[in-house]
Amino acid sequence: MNEIERARRYTWHVLVSGIAATWGIIAISIGVRLGEGRLDWWRIALALIAAIGFTYLCPRIIRAVLDRRYPTRLVVVAAVLALAAAVLGGPDPTAWGFVLVAWLSIATLHIPRRASLLVALGTWLVCVGASAAAWRDNVFSGGLDLTFQEALFFNALIYGVFCVVVPPSNRLWVWIWMLAEEAHKGREAHTKLALAEERLRFARDLHDLVGHQLSAIAVKTELAVRLSDVDGDAAKAEMSEVNALTRKALKELRQAVRGYRELDLAAELNSVKGVLEAAGVRCEVLLPYRDLPPGVAPVFAYAVREAVTNVLKHSTATFCEISIRFTEQEAELVVRNDGVARRQAVDLGSGLAGMGERLAAVGGEMRATPTADGQFLLVAVVSLPLTG
């Protein structure tokens, strides 16, 4: 489960907790009425059926809201069930009337602020009116022996507090969730754009590398065909050049694919830093003050490219640190990032496995492992002087 899924589940649990609290209040009110000998079983049974139906609809409404949909039909049906449960059980704000407050907490999600205020006001009027109609049967009023005016005042006050506090708090949770979702989508878009730019850069490199040879091959092949009937020796000479160009293009293509082409490490570091920062990943590069030994820069340039591609594709990193150091005996590249899921060190994927093979070809080795503090560490080491 990634971070955005965990945030969605947490938000869902927070919103559903209000429904769970409602059942706690219902259980307490039933216990109080049972102790006082005022429990009307048939009304309570009907109220429980309505409350169960309301509870069944609530998670569906919340899921729809988190998916940025407002299920108007479900909200209306839930309102009818909540009102039925409150009226049948007794519309007391400290008992069954809380079902209406629970409905309000989800009915005002993902709607305009003005509409939310109108729904809250309407719910308050309904709650106060229902509790006033059955004020003698209220657990709160009966326990304190209040007059009608006193019961009306306290019920209006309690319902007013609920209607003012509950909707904004739940709307805040949904707003935070939607901001997190939008930020996640924006980061994914940045990552896809960064990867697309990297693919385009590789395509340009490949075109510059073999494009000229292929164009020359096409021209010389056409010339050889025209000369074949006129000057056989000249045609043979052209085809010999075509053969040489083909071998050269094939060699350079293999070098590019295998990562052995002479890459500019400084340019590669600048490029990957720009790609990471475009994807919202803070990047720090730590380099030695001296030039690297001969042959090390292109090896590390390829390793940096592959490591950063892995960071973009397989992690939710917020920072990436790239450091290079060397001594007389060895040179070391370290790429550290956070936000990666813990996995087996042997589960490297084809890109990192290929990097390990390429380093092994020059007498080096690679380690890629998650750390105890939730980071991912990639270390590439080559012995000096290079053997490959």
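Computed from heavy atoms alone, side chains included, the values below leave out hydrogens, waters and symmetry copies. In this text, all values refer to a predicted model and were calculated from it rather than measured experimentally.
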Chemist: Please name all residues satisfying side-chain hydrogen bond (donor to acceptor under 3.5 Å, both in side chains) with E365, sequence neighbours left out, ordered by chain then number.
Modeler: none
Chemist: Quick one: hydrophobic cluster around L377, which other residues, with the 4.5 Å side-chain cut-off, linked directly or via members?
Modeler: V334, V379, V381
Chemist: Looking at A86 and G97, what are the two nearest heavy atoms and their distance?
Modeler: CB-CA, 4.2 Å
Chemist: Hey, could you give me the CG/CG distance between N337 and L378, rounded to the nearest 0.5 Å?
Modeler: 9.0 Å
Chemist: Tell me whether R9 is salt-bridged to E5, with the criterion being a basic N under 4.0 Å from an acidic carboxylate O.
Modeler: no
Chemist: Can you name the side chain to side chain contact (heavy atoms under 4.5 Å, CB included) partners of T22, sequence neighbours left out?
Modeler: I26, F98, V99, A102
Chemist: Does L125 belong to the same Ile/Leu/Val/Met/Phe/Trp/Tyr cluster as V128, with side-chain heavy atoms less than 4.5 Å apart forming each link?
Modeler: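 Result: yes, single cluster for both.
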Chemist: Is L88 linked to I44 within one hydrophobic cluster, defined over Ile, Leu, Val, Met, Phe, Trp and Tyr using a side-chain heavy-atom separation of less than 4.5 Å?
Modeler: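 No; tracing contacts between hydrophobic side chains, which count when under 4.5 Å, never links both residues.
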Chemist: Just wondering, are more than 12 heavy atoms of other shown residues or ligands nearer than 6.0 Å to CD in E328?
Modeler: no
Chemist: Stepwise, does the side-chain contact (heavy atoms from CB on, under 4.5 Å) test hold for C283 with V272?
Modeler: CA-CA 9 Å; C283 181; V272 298; 5.7 Å; no
Chemist: Hydrophobic clusters join Ile, Leu, Val, Met, Phe, Trp and Tyr when side-chain heavy atoms are under 4.5 Å apart, directly or via other members; which others share one with F319?
Modeler: none
Chemist: Side-chain heavy atoms under 4.5 angstrom apart, residues restricted to Ile, Leu, Val, Met, Phe, Trp, Tyr: same cluster for L46 and I30?
Modeler: no
Chemist: When rounded to the nearest 0.5 angstrom, what is the spacing between CG in L292 and CZ in F326?
Modeler: 6.0 Å
Chemist: CE of M239 to CG of L227: how many Å apart, nearest 0.5 Å?
Modeler: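 Those atoms lie 11.5 Å apart.
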Chemist: How close do W96 and S29 get, counting heavy atoms only, and between which atoms?
Modeler: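 The pair with the smallest heavy-atom distance is NE1-OG, 3.6 Å.
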Chemist: Check step by step if side-chain contact (heavy atoms from CB on, under 4.5 Å) holds for V304 and L269.
Modeler: CA-CA 7 Å; V304 166; L269 289 170; 3.9 Å; yes
Chemist: Enter the distance from R171:CZ to T108:OG1 here, rounded to the nearest 0.5 Å.
Modeler: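 That separation rounds to 6.0 Å.
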Chemist: Looking only at atom types and distance, does a side-chain atom of R8 sit under 3.5 Å from a main-chain N or O of E181, one as donor and one as acceptor?
Modeler: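 No.
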Chemist: Output the distance between atom CE (M178) and atom CG (L66), rounded to the nearest 0.5 Å.
Modeler: 7.0 Å
Chemist: Are L34 and W41 close enough that some pair of their side-chain heavy atoms sits under 4.5 Å apart?
Modeler: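 Answer yes - side chains close enough.
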Chemist: Locate the shortest heavy-atom distance separating V335 from A307; write the atom from each residue and the value.
Modeler: CG2-CB, 4.0 Å
Chemist: For Y70, look at atom OH and say whether over 12 heavy atoms of other residues, nucleotides or ligands are found less than 6.0 Å away.
Modeler: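 Atom OH in Y70 is packed in, count exceeds 12.
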Chemist: My understanding is that only residues two or more places apart in sequence, or in another chain, count here; which of them pass side chain to side chain contact (heavy atoms under 4.5 Å, CB included) with T246?
Modeler: I217, V242
Chemist: Side chain to side chain donor-acceptor pair (under 3.5 Å): which pairs involve residues 280-298, sequence neighbours left out?
Modeler: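 Sorted result for residues 280-298: R282-E284.
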Chemist: Following the transitive rule for hydrophobic clusters with a side-chain heavy-atom cut-off under 4.5 Å over Ile, Leu, Val, Met, Phe, Trp and Tyr, establish whether F300 and V285 coincide in one cluster.
Modeler: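 Yes, it is one cluster - the side chains of F300 and V285 are joined through contacts under 4.5 Å.
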Chemist: Which heavy atom in V166 sits nearest to a heavy atom in S105, and how many Å separate them?
Modeler: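 Shortest heavy-atom separation between V166 and S105 comes out as CG1-CB, 3.3 Å.
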Chemist: Could you walk me through whether L265 and L287 pass the side-chain contact (heavy atoms from CB on, under 4.5 Å) check?
Modeler: CA-CA 11 Å; L265 178 59; L287 300 177; 5.5 Å; no
Chemist: Excluding sequence neighbours, so at least two apart, what forms side chain to side chain contact (heavy atoms under 4.5 Å, CB included) with D231?
Modeler: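 Result, side chain to side chain contact (heavy atoms under 4.5 Å, CB included) vs D231: D233, A234.
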Chemist: Which other residues belong to the hydrophobic cluster containing L100, where Ile, Leu, Val, Met, Phe, Trp and Tyr are joined when side-chain heavy atoms lie under 4.5 Å apart, directly or via other members?
Modeler: L83, V87, V126
Chemist: Using a 4.5 Å cut-off between side-chain heavy atoms of Ile, Leu, Val, Met, Phe, Trp and Tyr, which other residues end up in the same hydrophobic cluster as L172?
Modeler: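 W175, I176, L179, listed by chain and number.
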Chemist: I'd like to know if the side chain of N270 and the backbone of A266 have a donor-acceptor N/O pair within less than 3.5 Å.
Modeler: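 Yes, N270 side chain to A266 backbone: donor-acceptor pair under 3.5 Å.
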Chemist: Could you tell me which non-hydrogen atom of P91 sits nearest to which non-hydrogen atom of Y159, and how far apart they are?
Modeler: O-OH, 3.2 Å
Chemist: The criterion is side-chain hydrogen bond (donor to acceptor under 3.5 Å, both in side chains); which residues satisfy it with R73, sequence neighbours excluded?
Modeler: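 R73 satisfies side-chain hydrogen bond (donor to acceptor under 3.5 Å, both in side chains) with no residue once adjacent residues are dropped.
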Chemist: Considering non-hydrogen atoms only, spot the tightest contact between E268 and A301 and give its length.
Modeler: CG-O, 3.5 Å
Chemist: List the atom pairs, with distances to 0.1 Å, where a side-chain N or O of residues 47-63 and a protein N or O form a donor-acceptor pair under 3.5 Å, not counting sequence neighbours.
Modeler:
from, atom 1, to, atom 2, distance (Å)
T55, OG1, W23, NE1, 2.7
T55, OG1, A51, O, 2.8

Chemist: What distance do N170 atom CG and L15 atom CG have between them, rounded to the nearest 0.5 Å?
Modeler: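 Those atoms lie 5.0 Å apart.
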Chemist: Let me check something: any side-chain donor-acceptor pairs from residues 109-124 under 3.5 Å, sequence neighbours excluded? List them with distances.
Modeler:
from, atom 1, to, atom 2, distance (Å)
T123, OG1, V119, O, 2.8
W124, NE1, A156, O, 3.0

